[in-house]
Enquirer: 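Let me begin by handing over the structure; questions about it come next.
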Amino acid sequence: MAEAADFQGTSPSPARRWLRRTGAVLAGTPLLTGLLQLPAAAPAEAAAPAAPRAASDDGSVAVSVDSLTPGAPAEGDTVTVSGTVTNKGKKTVTDASVGLRVGSLLDTRSSIDTVAKNSDDIGSPVGAEIDDKYTEKFSKLTPGVSQPYTISVPADELDLGQDGVYDLSVTLTGETSDQPWEQTLGVRHTFLPWQPDEADTKTKTTFMWPLISTVHMTAETGSDEEQTPVFHDDELADEISPGGRLDRMVTLGKDLDVTWVIDPDLLASVEAMTTRYEIPGENADDKNAVGGHQAVAKRWLTEVQKAVADKEVVALPFGDPDLASLAHHGTSVTGSLRHLKEATDVAAGTVESILHVTASTDFAWPVEGAVDPSIIKVSTSAGADKVITRGDTFEGGRDLTYTPTAPRPIGGGTTAVVADARLSTVFDGDMTRASASTQAVQRFLAQSLTLALQTDRPRSVVIAPQRTPSAAQAQTMAEAIGALQDSTWSQPQDLTAAAKSKPDPDAGTEVPPASAYPKSLRKQELPRSAFEQIARTQDKLDRFKVILSNPSRVVTPFGRALNRGMAASWRGRPAEAAIYRSGVETYLDTLSSQVRLIEKSDTKLSGRSATIPVTVQNNLVQGVEHLVLRLTSTNPTRLEIDGNAYEEQPIAVSGGHSQSVKFTTNANANGRATVVAQLYTQDGRPYGQPVTFDVKVTEITATVMLVIGGGVLLLVLAGFRMYTQRKRAAARQAEEREQENAADAADADAGDAKNPEASERRPTQESAPDTREDAPEQPSDPAPDTAPESADPSGTGERVDR
């Protein structure tokens, strides 16, 4: 046997291992030839084949490889493979045996892909089985029952030759009642990287370790001084709790040489949870429930601070905006790029204030690294000069037989950092099964070693995994990175250093055209309507903030909510994304409507002028200012506002108060006039809804004039009657006096005849004026004063209120 030729306690040389493997293959050739020459109905006791025949029922036994340690063995190591075998067929398998087989050297990356694709194909070639003593036997395998196995083999016994990746197969052989001969009933192919000695030129490998979550915070905050944040769910608490996805990411990542890629929104959201926060109740009428995970949030942030203390940190724009959606649908909407700039500007400050480290904002990371010219343009518009792309969407270069280094200058001072597609996507899929996780780790190591052996050129390789790995995926990634860091062909490197490394002159630098952008990704993009809604909400916010005495209480939470509205995490969830954006806009409308005009009923003016009050109500916590209230008459010829068609007055109302503003009106004619009250910002933009009401002018009507005229006529007639009556009375009195005088005169004449001297001494009637106070008025006397009614305008009318 070949094993006997090796000295005890020594390792076989590569040449000796190659000779031994070649001899085994040659020795088995005559046996295989004889087997092929047997009759079709040859009994099972005929000459046993060197390699068992495949069963007619392909794959009737499932073989899993749940563990393979070490993933990349060195000289002197013992390789241990463990897993399960499960009889999927209907027949009991007897005389079963699990063994290891080392197949051919896989010297290309595509050959590794092929083996991985057909990892359970029992028709795929397998190598010769290792010594029978490194097998595990089962007397029988009952249908539907799984049996565990563990096989440990010294690496020196695996007959490994030159450096590279080998196809390592775990096979199960056995018999069934209807096929009573030894046959292969199940197989599992995996990979065994082999490079025991340190490489002269190691590949510099950068692994991006993402801390990104979905959107959890709303735009709503409490009315208290601290502005208690409101979350639309409490799922983030589950992610950061012990055993949660983000908790595992931090726990696993702190011991790895990785570059942390962090969404500042995640940090801000967790920090908001460290104090009081609220989540909506189950019913719309329920009050918000108080979140109770402050201790969990504080602990997680503390662990993150420790984990990144001496590591490179890259901060994505706040909220991790979807750059491809923005490029394809958002740039045609005014103001969309403004949100990307704002998200980038606050990123570094947010990370530094919470984690106390300086983060780089030089990198943009489109979804899955897929780019086209418009995505590159948008990615760099906010200041990033490095765009992380992926090799399956970026041309590698002409006639290259190796994977080029990551950085590619693409013009305009921009560098495309091309992540390796195979290494970046190997951890996709369900990693909860141990067999899937182990296969991913071995495939990762196999691809990494094969890449390293392609050329002696120094290269930088970047690995950009999925944005939000599950806890199981994170565990698998950590195992792979740990094995790679202990390998002989790779060394860790920061992302910034990788981007600054010397580009390969033969690598492709042409950005893929828009037509090459994957259709599957384009279907998941945010639509144009999403950016139109964001722009509409921003316009409302701009009009609202100018009236506030403390605008930061509104601008900051709403600005960050608008950033979250264009997050990449909304891909594949269009309904949830639409609900979130509508919620932000609706809440802003609710706040804006808290500053409004009180409705007025129709008003009557009973004078030529009057004062009309209009009330402004502010139900916000903070005061409002910089507002102007305009009262406009739609018919100024009938009703003027302070002598004009309209009048404006500045407004400032304290929080939780109302204020009435009085306008002076002047009526020029009778009738109904419509009046419009409207608030405006100081730049002349309408604010809120107008209030319209009618004013009915009733100053001097025809009826009133008739009444007044009738009254004057009655006064004149009464005066004339009194005058004629008094004149008639005076005439009668005069006639009576004349008669009396005549009688007196006759008497006097009679007396004079008797006494002439007395007659001479008495004056005549005409010469003696009547000095009595009650002397009757004569017709020539003037009439009494009766001043006419004043024609001046009536006094100011009554004050008119609602």
Side-chain angles (χ1 to χ4, degrees), residues 68-74 77 79 105-116 119 160 162-168 189-209 256-259 369 390-392 396 400-406 417-429 431 436-466 469 473-495 497-498 501 504:
L68 196 162
T69 56
D77 287 340
V79 177
L105 184 69
L106 306 174
D107 55 0
T108 63
R109 304 189 71 184
S110 59
S111 64
I112 295 174
D113 295 336
T114 300
V115 172
S119 62
L160 301 176
Q162 66 186 78
D163 294 347
V165 176
Y166 290 89
D167 177 2
L168 179 66
H189 295 269
T190 188
F191 309 99
L192 192 66
W194 175 253
Q195 182 170 303
D197 300 323
E198 293 285 334
D200 294 332
T201 303
K202 290 188 175 183
T203 303
K204 297 178 180 178
T205 305
T206 301
F207 201 102
M208 296 167 53
W209 195 256
L256 303 173
D257 288 323
V258 295
T259 293
R390 209 168 67 187
D392 53 353
L400 287 180
T401 59
Y402 58 89
T403 302
T405 193
V417 182
V418 183
D420 186 82
R422 288 185 171 95
L423 295 175
S424 298
T425 59
V426 71
F427 304 106
D428 293 348
M431 296 291 148
S437 176
T438 300
Q439 182 76 339
V441 171
Q442 296 307 121
R443 186 177 180 184
F444 176 83
L445 296 175
Q447 288 286 358
S448 177
L449 176 56
T450 304
L451 183 151
L453 294 174
Q454 289 175 338
T455 179
D456 292 334
R457 290 172 177 263
R459 287 173 296 169
S460 294
V461 175
V462 174
I463 302 166
Q466 57 271 42
Q473 289 171 337
Q475 181 68 45
T476 304
M477 288 160 50
E479 293 176 6
I481 297 172
L484 186 64
Q485 290 176 173
D486 295 335
S487 70
T488 59
W489 66 85
S490 176
Q491 65 183 46
Q493 184 182 39
D494 289 342
L495 183 59
S501 61
D504 192 322

Enquirer: Would you say Tyr402 and Asp504 are linked by a side-chain donor-acceptor pair, where the criterion is simply a distance under 3.5 Å?
Expert: yes
Enquirer: Going by heavy atoms in the side chains, are Gln454 and Thr401 under 4.5 Å from each other?
Expert: no
Enquirer: Nearest 0.5 angstrom please: Asp257 CG to Asp494 CG, how far?
Expert: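 So the CG of Asp257 and the CG of Asp494 are separated by 8.5 Å.
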Enquirer: With rounding to the nearest 0.5 angstrom, report the OG1 to CD1 distance, Thr108 to Ile112.
Expert: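 Here the rounded value is 7.0 Å.
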Enquirer: Distance alone, cut at 3.5 Å: any donor-acceptor contact between the side chains of Gln491 and Thr205?
Expert: no
Enquirer: Taking all heavy atoms of Ser448 and all of Leu484, pick out the closest pair and write down the distance.
Expert: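 Closest pair (atom of Ser448, atom of Leu484, distance): OG-CD1, 3.2 Å.
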Enquirer: Keeping the roles fixed (side chain from Thr114, backbone from Ser110), state whether a donor-acceptor pair exists under 3.5 Å.
Expert: yes
Enquirer: Considering only heavy atoms from C-beta outward, does the side chain of Phe207 approach that of Pro465 to under 4.5 Å?
Expert: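 Answer yes - side chains close enough.
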Enquirer: Looking at Gln493 and Ser460, what are the two nearest heavy atoms and their distance?
Expert: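 Smallest interatomic distance, heavy atoms only, reads OE1-OG, 3.0 Å.
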Enquirer: For the atom pair CE (Met431) and CD (Glu479), what is the distance rounded to the nearest 0.5 Å?
Expert: 11.0 Å
Enquirer: Taking Ser424 for its side chain and Ala464 for its backbone only, find out whether a donor-acceptor pair lies under 3.5 Å.
Expert: yes
Enquirer: I'd like to know whether Val441 forms a side chain to side chain contact (heavy atoms under 4.5 Å, CB included) with Thr476, so could you lay out the CA-CA distance, the side-chain angles of the two residues, the decisive distance to 0.1 Å, and finally the verdict.
Expert: CA-CA 7 Å; Val441 171; Thr476 304; 3.7 Å; yes
Enquirer: Applying side chain to side chain contact (heavy atoms under 4.5 Å, CB included) to Arg390 and Thr425, what does each step give before you reach the verdict?
Expert: CA-CA 10 Å; Arg390 209 168 67 187; Thr425 59; 3.6 Å; yes
Enquirer: For residues Pro469 and Met477, determine if any side-chain heavy atom of one lies less than 4.5 Å from a side-chain heavy atom of the other.
Expert: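 With C-beta onward as the side chain, the pair touches.
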Enquirer: Measure the shortest side-chain to side-chain distance between Met208 and Val258 over non-hydrogen atoms and say whether it is less than 4.5 angstrom.
Expert: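 They are not in side-chain contact.
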Enquirer: Look up atom OG1 in Thr405 and atom CZ in Arg459, then write down how far apart they are to the nearest 0.5 Å.
Expert: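 Rounded to the nearest 0.5 Å, the OG1-CZ separation comes to 8.0 Å.
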Enquirer: How are the rings of Phe444 and Phe427 set relative to one another: parallel (under 30°), tilted (30 to 60°) or perpendicular (over 60°)?
Expert: tilted
Enquirer: Any sub-3.5 Å donor-acceptor pair from Thr450's side-chain atoms to Gln447's backbone N or O?
Expert: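 Such a contact is absent between Thr450 side chain and Gln447 backbone.
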Enquirer: Go through it in stages, so that I can follow the logic: the residues are Asp392 and Arg422, the test is side chain to side chain contact (heavy atoms under 4.5 Å, CB included), and I'd like the CA-CA distance, side-chain angles, deciding distance and then a yes or no.
Expert: CA-CA 8 Å; Asp392 53 353; Arg422 288 185 171 95; over 6 Å; no
Enquirer: For the residue pair Leu192 and Gly71, what are the closest heavy atoms and their distance?
Expert: CD1-O, 4.4 Å
Enquirer: Less than 4.5 Å apart, any side-chain heavy atom of Leu168 and any of His189?
Expert: no
Enquirer: Mind checking what makes salt bridge (Lys or Arg N to Asp or Glu O under 4.0 Å) contact with Arg443, not counting sequence neighbours?
Expert: Asp113
Enquirer: Any non-hydrogen side-chain atom of Trp209 less than 4.5 Å from a side-chain atom of Leu256?
Expert: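 Yes - at least one pair of side-chain heavy atoms lies under 4.5 Å apart.
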Enquirer: Which pair of non-hydrogen atoms, one from Leu68 and one from Phe191, has the smallest distance, and what is that distance?
Expert: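 In terms of heavy atoms, the two residues are closest at CD1-O, 4.3 Å.
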Enquirer: So, for Trp489 and Ala199, which heavy atoms are closest and what is the spacing to 0.1 Å?
Expert: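 Where Trp489 meets Ala199 most closely, the heavy atoms are CA-CB, 4.1 Å.
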Enquirer: How about Ser487 and Ser490: does a side-chain donor come under 3.5 Å of a side-chain acceptor?
Expert: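 There is no such pair between these side chains.
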Enquirer: One pair to check against side-chain hydrogen bond (donor to acceptor under 3.5 Å, both in side chains): Thr190 and Gln439. What are the steps and the verdict?
Expert: CA-CA 6 Å; Thr190 188; Gln439 182 76 339; 3.0 Å; yes
Enquirer: Examine distances only and state if a side-chain atom of Asp486 and a backbone atom of Ala483 form a donor-acceptor pair shorter than 3.5 Å.
Expert: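 Side chain of Asp486 to backbone of Ala483, a donor-acceptor pair under 3.5 Å: no, none is there.
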Enquirer: For Val462 and Val418: C-alpha separation, side-chain torsions, deciding distance, then whether side chain to side chain contact (heavy atoms under 4.5 Å, CB included) applies.
Expert: CA-CA 7 Å; Val462 174; Val418 183; over 6 Å; no
Enquirer: Is the shortest side-chain N to carboxylate O distance from Arg109 to Asp420 below 4.0 Å?
Expert: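 Salt bridge: yes.
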Enquirer: Going by atom types only, do Thr259 and Thr206 share a side-chain donor-acceptor pair under 3.5 Å?
Expert: no
Enquirer: Taking all heavy atoms of Ser111 and all of Leu106, pick out the closest pair and write down the distance.
Expert: OG-CB, 3.6 Å
